[in-house]
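Both backbone and side-chain heavy atoms feed into the values below; hydrogens, waters and symmetry mates do not.
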Amino acid sequence: MPAREVTIEHLEPTAMKLEDWRQILRLAKTHSTTLGFLPDSAFADRLRKRTLVAARVDGEVVGYCLYDLPRAGHIKLVHVCVADDARGLGAGKALIDAAILRNPAAIGVLAYCRRDYEGLDRFWESAGLAPRGEKAGRAVAGSILCAWWRPLGGLDLLEEAAMGAGLPLVAYDTNVVADLYASTSVNRPDRESSIGLLAGWLQAAIVPVVSPRVDVELNAISDRGERELQRERSQELTRLRSTRADDDTLLKQLLERVGDSALALDESLRNDFCHLVDAITAGASFVVTNDEGFIRAATRALPDGTGVRVVRPHELVAEMLNRLDLPTFRSRLIESLDLEWRPASAWPIAELASKFVTHETQERASTLARRLRAEISQHPTTTRVLSDPSGRPLAVVAEEIRGPALQVSIVRIVRGESSTTIALQLARHLRSVARQNGLTTVVVADAQRGPVIQAALAQDGYVGSDQPCATLIDERASARKYDLPVVDGDPDLQAVRELERRLWPLVLIDLAVPTYVIPVQPGFAELLFGIDRGALWSDRKRGLGLSREHVYYSGSSRPLPEQGSRILWYVCRASECVAGVASC
């Protein structure tokens with residue numbers, strides 16, 4: 001059966017046929033429940049102004065469009081009506097297109113439609129319109145009218161400034177927009193990960209944009225207050241100009257590559273790919289989403305050379321950080337042992353979650369993965385993995401500066417024979433990072449840190465069980481300043497050691513403490529004190545670290561200094577210099 005052809009024409013008052021006029025009025029009265037009532041004079045007025053368009057099939061009027069041309073310069077659609085038996089032929093969109101074609105100088109198309117008229121959202125979107133706001137309707141029952149808008153003509157000043165900035169366009173899909181702009185009462189599991197997109201350095205390096213499809217999906221939020229809040233807050237994001245209404249070839253091609261079976265299992269993929277197609281058309285570099293299904297489908301469907309990547313928020317942060325080559329923190333404290341700090345974004349999140357999940361607390365790997373994504377997104381330079389020369393992850397740490405404190409939200413170690421040593425090293429490492437930044441406190445807020453780390457923190461002087469805290473006092477002070485127990489007229493050395501351990505790097509002076517001066521060869525000094533990477537590491541067991549709690553001697557027959565002694569190391573070039581490692 002041949003397809004029914006639709007013809008469109010603007011009606012002229014001098015050539016108007018009586019039967020056409022009757023058919024248009026009959027359609028208006030038949031659909032007055034959804035269109036709203038207009039007197040015959042309103043139709044006659046539009047006919048005189050030549051803003052009445054008719055759609056015909058086989059010579060019969062099956063639809064019409066009434067529109068106005070306000071002084072603001074846009075096309076205001078008053079009625080768009082198509083007979084029930086003529087729907088699906090594209091007549092409605094063709095009527096709107098005819099109005100646009102007749103008025104090439106128009107800056108946009110505007111239509112108001114009641115929210116409670118179901119099924120019309122798809123029609124307006126198919127015609128290229130997207131919801132931009134709402135107002136109260138005239139109905140006694142308190143209807144709400146949604147404003148649908150399609151921009152026309154050239155880019156406005158804001159669009160031109162954004163699109164011409166020379167920065168990568170980054171399109172957010174609706175779940176990311178909701179993460180960023182929903183009220184705090186709305187449960188958003190990936191909110192913390194998406195919040196990293198708001199970092200000042202990142203906002204200065206990209207142009208955040210959204211597809212008009214975002215407005216369609218926000219419009220589907222049932223709670224009016226939440227709907228208006230997210231719509232208002234997200235207006236700071238530039239809206240792309242979608243071409244899907246005029247050419248949906250690319251969308252069809254990508255959905256075909258996804259496959260009918262995948263689309264049947266996840267109906268939201270069709271909407272997701274609307275975001276993707278609009279991003280591709282606009283020349284975006286990234287589409288950012290937290291939808292794992294969308295990411296997998298896009299990876300399969302996108303042909304080579306498309307120029308756009310679908311990524312999670314933390315992956316965008318890591319990518320842009322690499323592009324900008326921003327300085328990152330590199331600690332030599334543990335690097336001196338031939339271990340290296342690298343950004344956590346260099347590892348697959350699933351691998352890190354599997355290695356560092358704390359089974360003792362019944363933590364789930366998926367929960368840790370979400371936390372890691374959030375930390376990488378918000379703190380990309382201070383969420384790091386400690387790895388050995390083969391790239392094997394040994395520890396992961398996420399930290400940030402909050403006022404005078406170093407807040408550690410994640411600290412984990414790998415299981416194995418070196419776990420205790422690494423945990424002790426990390427305890428001191430966190431203190432050193434705080435000291436380097438002029439901070440006075442380290443707070444370990446990782447509630448799933450595990451028993452080995454908990455024991456190491458306690459051994460290093462951290463106080464508290466829920467959120468262990470280390471206080472730093474960076475000074476050399478007289479023991480008289482502190483209320484310490486006294487033995488034979490002098491401060492008790494055990495109390496001195498405990499205080500210095502708890503308040504490192506505090507050092508108490510004016511004490512009757514045995515003091516030793518011990519020479520050390522340059523190579524050992526480099527290894528043991530983190531001055532530079534040493535060449536003698538291969539002579540020591542991998543994973544063995546310097547700790548203030550341990551003493552190691554190499555080739556020495558000299559007796560150990562008594563416990564609590566002060567040791568002053570100095571570098572000696574003489575070949576007979578004896579190497580040692582110790583701490584009081």
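A salt bridge between D460 and R501 is absent, with no side-chain N of the basic residue lying under 4.0 Å from a carboxylate O of the acidic one. Salt bridge status for E125 with R122: present, with a side-chain N to carboxylate O gap under 4.0 Å. Between D97 and K93 there is a salt bridge, since at least one side-chain N of the basic residue sits less than 4.0 Å from a carboxylate O of the acidic one. In this structure, R373 does not pair ionically with E192, as no charged nitrogen and carboxylate oxygen lie closer than 4.0 Å. No salt bridge links R244 with D248; every basic N to acidic carboxylate O contact stays at or beyond 4.0 Å. Taking a cutoff of 4.0 Å between a charged side-chain nitrogen and a carboxylate oxygen, D278 and R213 do not qualify as a salt bridge. No salt bridge links R342 with D388; every basic N to acidic carboxylate O contact stays at or beyond 4.0 Å.
Counting only N and O atoms by type, the side chains of N175 and T289 include a donor and acceptor under 3.5 Å apart. If you check the side chains of E399 and T382, you find no donor sitting under 3.5 Å from an acceptor. Side-chain atoms of E236 and Y181 form a donor-acceptor pair, as typed in the model, at a separation below 3.5 Å. Under 3.5 Å, the side chains of H359 and Q448 contain no donor-acceptor pair of N or O atoms.
Among residues two or more places apart in sequence or in another chain, the side-chain hydrogen bond (donor to acceptor under 3.5 Å, both in side chains) test is passed with R402 by E400. For the ring pair (Phe, Tyr, Trp, His ring centres under 6.0 Å) test, no residue two or more places apart in sequence or in another chain qualifies with Y172. For H74, the ring pair (Phe, Tyr, Trp, His ring centres under 6.0 Å) partners two or more places apart in sequence, or in a different chain, are W149. Qualifying ring pair (Phe, Tyr, Trp, His ring centres under 6.0 Å) partners for F123, counting only residues two or more places apart in sequence or in other chains: none.
Not one N or O on the side chain of E267 forms a donor-acceptor pair closer than 3.5 Å with the backbone of L263.
The environment of D246 atom CG is dense: over 12 non-hydrogen atoms of other residues, nucleotides or ligands sit within 6.0 angstrom.
Residue pairs meeting the salt bridge (Lys or Arg N to Asp or Glu O under 4.0 Å) criterion with at least one member in residues 313-322, sequence neighbours excluded: R309-E319, E319-R323. Residues in residues 348-358 take part in these side-chain hydrogen bond (donor to acceptor under 3.5 Å, both in side chains) pairs, two or more places apart or across chains: T358-R412.
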